[in-house]
Amino acid sequence: MKEIPTHYDQSKEAELYQLWESSGYFSPEGGSASGGNPDLRKPFTIMMPPPNVTGTLHVGHALFLTLQDILIRYQRMLGKKTLWLPGTDHATIATAAKVESILYKEEGKTRHDIGRMEFEKRATKFAQESHDTIVHQIRQMGASCDWSREAYTLDEPRSLAVRTAFKKMYDAGLVYRGARIVNWDPKLKTNVSDDEIEWKEEKAPFYYLKYGPFTIATARPETKFGDKYVVMHPKDARYKKYKDGEQFEVEWINGKVLATVIKDEAVDPEFGSGVMTITPWHDAADFEIAQRHKLDAEQIIDDRGVLLPIAGEFAGQHIKKARPMVVEKLKSKSLLEKIDENYVHRIATNSRGGGIIEPQIKEQWFIDVNKVFRDGKSLKQWMRDVVANGRIQIIPKHLEKTYFHWIDNLRDWCVSRQLWFGHQIPVWYKKIETEKKMGFAGDIVSQVFNTKTRTYRLRDHGFSIGDIVAFEDSSKTNIFGYGTITEIKKTTVGEIDLQDKKHWKTYEKLEDLIKAFKRHHPQKEVNQSTPAWLYTYKFAPAIYVNIDPPKEKGWTQDPDTLDTWFSSGLWTFSALGWPNQTADLKMFHPTDILETGYDILFFWVARMILMTGFLLNDIPFKTVYLHGLVRDKDRQKMSKSKGNIVDPLGITDQYGVDALRMALTVNNLPGSDLPLSEDKVRGYRNFANKIWNAARFVIQNTDGLNKDSKLNKEDQVILKQLDELIKDTTKLMDKFDFAHAAENLYHYFWHTFADKIIEEAKPKLADEKTKGSAQFMLKTVLETNLKLLHPFMPFVTETIWQMEHKELLMIAKWPESSLNE
RNA sequence: GGACGGUUAGCUCAGUGGUAGAGCAUCUCUUUGACGUAGAGAGGGUCAGUGGUUCGAACCCACUACCGUCCACCA
């Protein structure tokens, strides 16, 4: 009889992983035990959602690793050419925030103190260390992914993909630069996208202020210095006598202000007094009103949250400090009517570890989601259609509605970030001259000299400031002039005065003018016969957008980096080598299933659909399986501050990886959160041990098994039931219903196989007449169960399998039911 | 304000028309050679409420209540 310990020893798991990995079967090229040419097998692909390189693995990672490993192991056993491609994400903002916080904690410095080069160096080092930890931990979870294809969203091939994608979108007019109001985080000094905002409720004093004849209310008096528009609803009867555009003077914080009445429907007559003043530079809603009525916008707060000179005596103060002082001043000027202390409002914070958002108007890069780019469709429509028409299936189905709702409210995606870690935007700027207009000889009408300036009066050909003009004064003295227009004064119709301050030069001879002109504009062809003075030139900012930097000197790259989701949006194909048309791309794209958390449906899933739609005219995946959040046993979200983080590796050290995997699988339905308790993990540790001991019994009692034994009726019935189990399990696996598949297997193994079949087999084994049949039956049920359980609990099943087999259970053929449908 | 979920045993949740289920927890018994990380057994639920459809409803429909999540420019 074989000596087998009475308890399953999980300390050998790392060794087993080694065995699997070195077998080569993690790669699609690895072949399969069921034989045949591996290249004829159908592919099955999953892209691992790349964990952020910001530290260590948490239980949420353990969850997706488990579910995806179940999927891939199942498909591998079916004989598919499986690829599970692992990787990590540089996570622009999260990593930058982390590195900055470490820098501040350890050295009291900000990134601006050490400079961009040094910061990038440190961030890269930090990312590398995190990567190493994470990759090690992914292995510990038993993930059977193909390490030979590992990718990183910031490595060279992915960087090429990002630059290529940007260039293609730019060329298609889908990427544009514009001044818009953005969510500015003064702490990290970057803007963040709408989706990265986390709203927090805050109780704050609500101030009712006198604004001329009106009362306005605000929670932010320190932003109100420049408010010169007073807005009310056009249908509000109370303010009927005030006309749109009407102006009057009001006494305000720092003296008199000329106020203008604006009527706009955005104002809610029910709220406060039904009148408000606006601060377009620092409030998204106000910005929109200002845009509608073409109003001025003035910056009040700088990038650090400090008040600008417009704040008068408060200039230079941080807004936080300034508020009480401003309130004091308002009070002393009797402009403060009352304070509501119970006002609750929501403030925007940067969910990526930043501070309170202070909106600012900034030049940023956007992706236009409404522009038609192909087949009469916009990105928005594409994103909607591929889900609506079923090309992409979302599990659970009800999240499709959430997806549609989000798409319908989607606005242009701001993709630039003012951070120093990530993909720098592949755009270069330079001021270059462009040929602009033609003028005519003999254009000078008159010249006026005085001690400081010299004014040439020319015929107006639509000059503008910055134009370069060369001309000849052909009147009598033959003066040749050349310079940049710095000021224009309209005079009589069709004539303008060009004032010469210091940039104008005059030459006595035409040759001298040409020489000077050539020196400054070597690329222009000018000679004696060229009427040089016929041309005017203008300096214009030039933009160069391409995959690689321009070859000539003098170009400066846009300092901004791209939103991290820009690069993760390319993941399904960038990780396969795009933009190169690789064999992998052909074979494995579109991928079969994307398994990820519902919390990044918008951030990531939608962006992948967008990017793949535009760049490949295809879908990134056929199915999206969305799991929920892992919560603690009291349904609380896990967070560091609450101290309720479950460390997956601590758990697995104690109970084994298989136990944790089962605890994360059973009772875990897509789209809903999963409470995880240690009790539950312990329960499945017990199950692992149950499997171990049932196997121990079978192995110890099937010595001398005769494979040709005839099965008696009773044992045939048992194998028929087993067939039923195979059929049900396979069906559930194909529906991605792992929770029920795992639960059924658990139930069958423990309460049918162990409790009944084994118990009833004991007397049969003792009787020589039934022994052969029972042995064969027991072995069959055990081995079938090991196979069925393997995707869920790979370690214990493989360990048992290895006691009697040379081949790996990992690539054993998935059992087939002989039952007819 | 809008959208989407949920409400079933003490806890976590399955269960889409035909006599209420699982795991954990609880209680009782069992030192039997696979396993005490076990075995045998038990208790426990007017399936949120109201009304409707149906021979029949946890399940379909309407409304109500409560809980949760996401989205939204209420100063």
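Each chain gets a letter, A, B and so on, in the order its sequence line appears, and its residues count up from 1.
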- [ ] Would you tell me if any nitrogen or oxygen in the side chain of His751(A) comes within less than 4.0 Å of OP1 or OP2 on G23(B)?
- [x] yes

- [ ] Under 4.0 Å between any heavy atoms, over every strand shown, what does Glu270(A) touch: base, sugar-phosphate, or nothing? Just pick one.
- [x] nothing

Open item on the list: Nearest to the side chain of Pro675(A), heavy atoms from C-beta on, is which of G39(B), A14(B), U12(B)?
Closed with: U12(B)

Task: Identity of whatever pairs with C24(B) - Watson-Crick or G-U, under 3.5 angstrom - done: G10(B)

Open item on the list: Are Ile253(A) and Phe314(A) packed together at the side-chain level, in the sense that at least one heavy-atom pair is separated by less than 4.5 angstrom?
Closed with: yes

Task: Phosphate OP1/OP2 of G5(B) contacted by Lys401(A) side-chain N/O (<4.0 Å) - done: yes

TODO: Pick the C1' atom in U12(B) and in U8(B), then give their distance to the nearest Å.
DONE: 12 Å

Open item on the list: Checking side-chain polar atoms at under 3.5 Å, does Trp413(A) have a donor or acceptor matched by the opposite partner on Asp563(A)?
Closed with: yes

- [ ] Between U54(B) and A48(B), how far apart are the P atoms? Round to whole Å, please.
- [x] 23 Å

Open item on the list: Checking side-chain polar atoms at under 3.5 Å, does Asp673(A) have a donor or acceptor matched by the opposite partner on Tyr598(A)?
Closed with: yes

Task: Nucleotide C4(B), atom P - distance to CG of Leu626(A) in whole Å - done: 17 Å

Open item on the list: Base of C35(B), side chain of Lys690(A) - is there a donor-acceptor contact under 3.5 Å?
Closed with: yes

TODO: Could you measure between the two P atoms, the one in C63(B) and the one in A25(B), and give it in whole Å?
DONE: 43 Å

- [ ] Find the distance between CD1 (Ile339(A)) and CG (Asn342(A)) and round it off to the nearest 0.5 Å.
- [x] 12.0 Å

Open item on the list: Once you apply a heavy-atom cut-off of 4.0 Å, does Ala754(A) come out as touching a base, just sugar-phosphate, or nothing?
Closed with: base

Open item on the list: Should the side chain of Glu759(A) and the base of A34(B) be counted as holding a donor-acceptor pair, with the cut-off at 3.5 Å?
Closed with: yes

Open item on the list: Only pairs with both distances under 3.5 Å count, Watson-Crick or wobble alike; so what is the partner of G44(B) in this structure?
Closed with: none

TODO: Report yes if a side-chain nitrogen or oxygen of Lys762(A) is closer than 4.0 Å to either non-bridging phosphate oxygen (OP1 or OP2) of G33(B); otherwise report no.
DONE: no

Open item on the list: Any base atoms under 4.0 Å from Val698(A), or only sugar-phosphate, or nothing? Heavy atoms, all strands.
Closed with: nothing

TODO: Nearest whole angstrom, please: distance from the C1' of A75(B) to the OH of Tyr207(A).
DONE: 15 Å

Task: Sugar-phosphate only, base, or nothing, as touched by Lys756(A) at under 4.0 Å among non-hydrogen atoms - done: nothing

- [ ] Give the rounded distance in Å between these two atoms: CZ of Arg685(A) and P of C24(B).
- [x] 13 Å

Task: Between Asn191(A) and Asp185(A): side-chain donor-acceptor atoms closer than 3.5 Å - done: no

- [ ] Classify the side-chain pair Glu595(A)/His627(A) by whether it contains a donor and acceptor separated by less than 3.5 Å.
- [x] yes

TODO: Would you give the length of the straight line joining atom OG of Ser193(A) to atom CG of Asp412(A), rounded to the nearest 0.5 angstrom?
DONE: 13.0 Å

Open item on the list: From C-beta outward on Glu743(A), which listed nucleotide comes closest to its side chain: A34(B), A22(B), A14(B)?
Closed with: A22(B)

Open item on the list: Both His747(A) and Ser672(A) contact RNA chain B. Taking the nearest nucleotide for each, which residue is further toward the 5' end?
Closed with: Ser672(A)

Task: Spacing between Asn686(A) atom CG and A38(B) atom P, to the nearest angstrom - done: 4 Å

Open item on the list: Counting the atoms with a prime plus P, OP1 and OP2 as sugar-phosphate, which does Tyr746(A) contact under 4.0 Å by heavy atoms, base, sugar-phosphate, or nothing?
Closed with: sugar-phosphate

Task: Between C59(B) and U50(B) - P atom distance, rounded Å - done: 12 Å

- [ ] State the pairing partner of U19(B); accept Watson-Crick or G-U wobble contacts with both distances under 3.5 Å, and report none otherwise.
- [x] none

Open item on the list: Expressed as a whole number of angstroms, how long is the span from Leu674(A):CG to G23(B):C1'?
Closed with: 13 Å

Task: Identified pairing partner of A58(B), criterion: Watson-Crick or G-U wobble below 3.5 Å - done: none

- [ ] Would you mind reading off the distance between Ile394(A) atom CD1 and C4(B) atom C1', rounded to a whole angstrom?
- [x] 13 Å

Task: Touch class at under 4.0 angstrom, heavy-atom based, for Asp755(A) against every strand present - done: sugar-phosphate

TODO: Would you kindly say whether Glu337(A) and Thr215(A) are connected by a side-chain donor-acceptor distance under 3.5 Å?
DONE: yes

Open item on the list: Check for me whether Arg180(A) meets the cation-pi criterion with Phe366(A), that is, NZ or CZ under 6.0 Å from the six-membered ring centre and within 45 degrees of the ring axis.
Closed with: yes

TODO: Please state the P separation for the pair C13(B) and A9(B) - nearest whole angstrom.
DONE: 12 Å

Task: C1' spacing across the pair C29(B) / U69(B), given as an integer number of angstrom - done: 47 Å

- [ ] Determine whether the side chains of Glu358(A) and His282(A) contain a donor N or O and an acceptor N or O closer than 3.5 Å.
- [x] no

Open item on the list: Rounding to an integer number of Å, can you tell me how far Lys779(A) NZ sits from A34(B) C1'?
Closed with: 14 Å

Task: Atom pair distance, as rounded to whole Å: CD in Glu400(A) and C1' in C4(B) - done: 13 Å

TODO: If a protein heavy atom is under 4.0 Å from the base, mark B; if only from the sugar-phosphate, S; if neither, -; do that for nucleotides 66-74 of chain B going 5' to 3'.
DONE: ----S-BBB

Open item on the list: Distance check, C1' atoms only: A14(B) and A20(B), in whole angstrom units.
Closed with: 12 Å

Task: G45(B) and G10(B), which share atom name C1', separated by this distance in whole Å - done: 11 Å

